[in-house]
Protein chains: 2
Amino acid sequence: MEGAGGLSTSLRRGTLEFCVLALMERGDQYGTELVRQLGAERNLAISEGTIYPLLSRLRRSGWVETTWRESPSGPPRRYYSLTPSGSSVLQHFRREWAVFRDTVDRIVGTDSP
Amino acid sequence: MEGAGGLSTSLRRGTLEFCVLALMERGDQYGTELVRQLGAERNLAISEGTIYPLLSRLRRSGWVETTWRESPSGPPRRYYSLTPSGSSVLQHFRREWAVFRDTVDRIVGTDSP
DNA sequence: ACACAGTACCTTGCGCCGCAAGGTAGCGGT
DNA sequence: ACCGCTACCTTGCGGCGCAAGGTACTGTGT
C-alpha cells in the first residue's frame, strides 16, 4: 500500500519533477503516458492526482509548453515539451543531484561496517 | 537564501531522517551537534526548527531512545541513540536508497546527449 | 551579586507537494 | 444507444522542512 509517509513517496519529493523533465528531453510527452513510464520504475510510480498538478506547476514556471494533438484512437492529448528555460533548469538539477547523491552515499553508506 | 521550495530543501525530504540515523550509528548524538554536522554538508544544512520535530518523530517511531547527560560546559544535552528497530529501518533504507539513486541516475542521466 | 552571552532545548504557523478519490468528456466497438 | 477505454483535471488531506519565536541552564566579566 505504501501509504502516506512511505519510503518511496518521500524520496520522490524533489526529484520527480526533474525525472519528468528528463523524459521530455527524450521527446514530447503527455500525462497518461508519463504515468505509464514512471510506473515502470519501482520507485517512481505515481498516479494522475500527482502528475497533473505537477505538470501545471512546470507550465506555470515556464519550463514546459503544451500543444494539443489528436490521438490515433481516443480523446486528444496535451503534449508537453521542454522550453529552453526548462532545459537549463534540468541541467542545473543534474549538478545538484550529483552532489546530493554523493553526500548521502557518504553519510548513510552503502552497507554497514 | 534557498527559500521555500528550494532545490536542496526538496531533495532532503525522505533522506534527512536517515542521514540522522546514520550519524547516530557512528555514536550518540544530540540536537545542536546534529545541526552542526549536517551544516557542514552543503546539501543537508538544516535549522533547529527542522531537527527537533524530526527527532521527536524518530522517538515516537521507536527508532531512537534518549538519555540526558550533563555537558562539560553548558546546559544538559539530550543524547539520541539507535534502537535495534532503528538500526533495522536504516538497513532497509540503504537498500531502498541504492535502488532509487540508480533509477534517478538512469533517467536524468549525468550529462546531456 | 548581577547582567549578559552562549548553549541547548522545544513550539507555532505556514507553504509545498504527493496522494486517494472523485469528476468530465471524447472516441470506438457492438 | 450504450458501455468501456482513454485522457484530462480538481478537491481535501496529511506529512514535513522551515522561519521565527520562546524558555532555561551555564559560565564569565564586572
Side-chain angles (χ1 to χ4, degrees), chain A residues 1-20 28-39 41 43-61 63-64 66-80 100, chain B residues 1-21 28-39 41 43-61 64 66-80 100:
Chain A
M1 188 67 65
E2 183 79 64
L7 237 168
S8 297
T9 294
S10 310
L11 281 175
R12 273 191 276 282
R13 281 194 177 247
T15 52
L16 183 55
E17 63 186 304
F18 298 101
C19 289
V20 166
D28 295 1
Q29 303 283 342
Y30 63 99
T32 301
E33 176 64 15
L34 282 168
V35 170
R36 265 195 296 269
Q37 286 190 38
L38 294 169
E41 309 289 342
N43 288 276
L44 296 178
I46 56 169
S47 69
E48 303 189 337
T50 297
I51 198 69
Y52 288 110
L54 187 155
L55 290 169
S56 292
R57 287 196 302 274
L58 296 180
R59 195 152 34 111
R60 277 200 307 276
S61 301
W63 299 345
V64 302
T66 72
T67 54
W68 284 93
R69 299 183 205 157
E70 290 181 0
S71 161
S73 79
R77 301 164 176 167
R78 195 211 278 263
Y79 277 85
Y80 292 78
F100 174 77
Chain B
M1 188 66 65
E2 183 80 62
L7 238 168
S8 296
T9 294
S10 310
L11 281 175
R12 272 191 277 281
R13 284 192 175 249
T15 51
L16 182 56
E17 63 186 303
F18 298 102
C19 290
V20 167
L21 291 178
D28 295 1
Q29 303 284 342
Y30 64 97
T32 302
E33 176 64 16
L34 282 168
V35 169
R36 265 196 294 270
Q37 286 190 38
L38 294 168
E41 309 289 343
N43 288 275
L44 296 178
I46 57 170
S47 69
E48 302 189 339
T50 298
I51 199 69
Y52 288 109
L54 187 156
L55 290 170
S56 294
R57 288 197 301 276
L58 296 181
R59 195 152 35 111
R60 276 200 305 276
S61 300
V64 301
T66 73
T67 55
W68 285 93
R69 299 185 206 156
E70 289 181 0
S71 162
S73 79
R77 301 164 174 166
R78 196 211 278 263
Y79 278 84
Y80 293 77
F100 175 77

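A, B, ... follow the sequence lines: proteins, then strands. Residue 1 opens every chain.
Computed from coordinates, the A:L54 CG to D:dC8 P distance equals 14 Å when rounded to whole Å. The distance between atom CG of B:L34 and atom P of C:dT7, rounded to the nearest whole Å, is 16 Å. The CG atom of B:L58 sits 14 Å away from the P atom of C:dC9 (whole-angstrom rounding). Put simply, OH on A:Y52 is 16 Å from P on C:dA25, counting in whole angstrom units. What separates CD of B:E41 from P of D:dG17 is a distance of 17 Å, to the nearest Å. What separates CZ of B:R59 from P of C:dC9 is a distance of 11 Å, to the nearest Å. Look at OH on A:Y30: it is 16 Å from P on D:dC5, rounded to the nearest Å. Between B:Q29 atom CD and C:dC9 atom P the separation is 11 Å, expressed in whole Å.
Set against C:dG15, D:dC18, C:dC10, the side chain of B:T50 has D:dC18 as its closest nucleotide. Comparing C:dC19, C:dC9, D:dA7 by their closest approach to the side chain of A:I46 singles out C:dC19. For A:T9, the listed nucleotide lying nearest its side chain is C:dC19; candidates were C:dC10, C:dC19, C:dC16. With D:dG17, C:dC16, D:dC9 as the choices, the nucleotide that has an atom nearest any side-chain atom of A:R13 turns out to be C:dC16.
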Side-chain atoms of residues 54-61 of chain B: list all donor-acceptor pairs with protein atoms under 3.5 Å, sequence neighbours left out, distances to 0.1 Å.
from  : atom 1 : to    : atom 2 : distance (Å)
B:S56 : OG     : B:Y52 : O      : 3.1
B:S61 : OG     : B:R57 : O      : 2.9

Using distance only, find each side-chain donor-acceptor pair of residues 68-75 of chain A under 3.5 Å and give its atom names and separation, not counting sequence neighbours.
from  : atom 1 : to    : atom 2 : distance (Å)
A:R69 : NE     : A:T67 : OG1    : 3.4
A:R69 : NH2    : A:D28 : OD2    : 2.6
A:S71 : OG     : A:S73 : N      : 3.0
A:S71 : OG     : A:S73 : O      : 3.1
A:S71 : OG     : A:R77 : NH2    : 3.4

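The two residues B:I46 and B:V35 come nearest to each other via the heavy atoms O-CG1, 3.6 Å. Of all non-hydrogen atoms in A:L11 and B:G14, the two that sit nearest each other are CD2-O, 4.0 Å. A:L44 approaches A:C19 most closely through the heavy-atom pair CD1-SG, 4.0 Å.
Nearest-nucleotide positions on DNA chain C place A:P53 closer to the 5' end than the other of A:P53 and A:E48.
Neither OP1 nor OP2 of C:dT7 sits under 4.0 Å from any side-chain N or O of B:T32. Phosphate proximity of C:dC9 to B:R69: absent, as no side-chain N or O sits under 4.0 Å from OP1 or OP2. For C:dC16, the OP1/OP2 oxygens have no side-chain nitrogen or oxygen of A:R57 closer than 4.0 Å.
Residue A:G49 is classed as a base contact, given a heavy-atom separation below 4.0 Å to a base.
In the interface, the side chain of B:E17 is not paired with the base of D:dC16 through any donor and acceptor atom under 3.5 Å apart.
A:L16 CG to A:L34 CG: the interatomic distance, rounded to the nearest 0.5 Å, is 9.5 Å.
Residues from residues 72-80 of chain A lying near DNA chain C, meaning a heavy-atom separation below 4.0 Å, are A:G74, A:P75, A:P76 in numerical order.
A:V20 has its side chain within reach of A:L38: a pair of non-hydrogen atoms, C-beta onward, lies under 4.5 Å apart.
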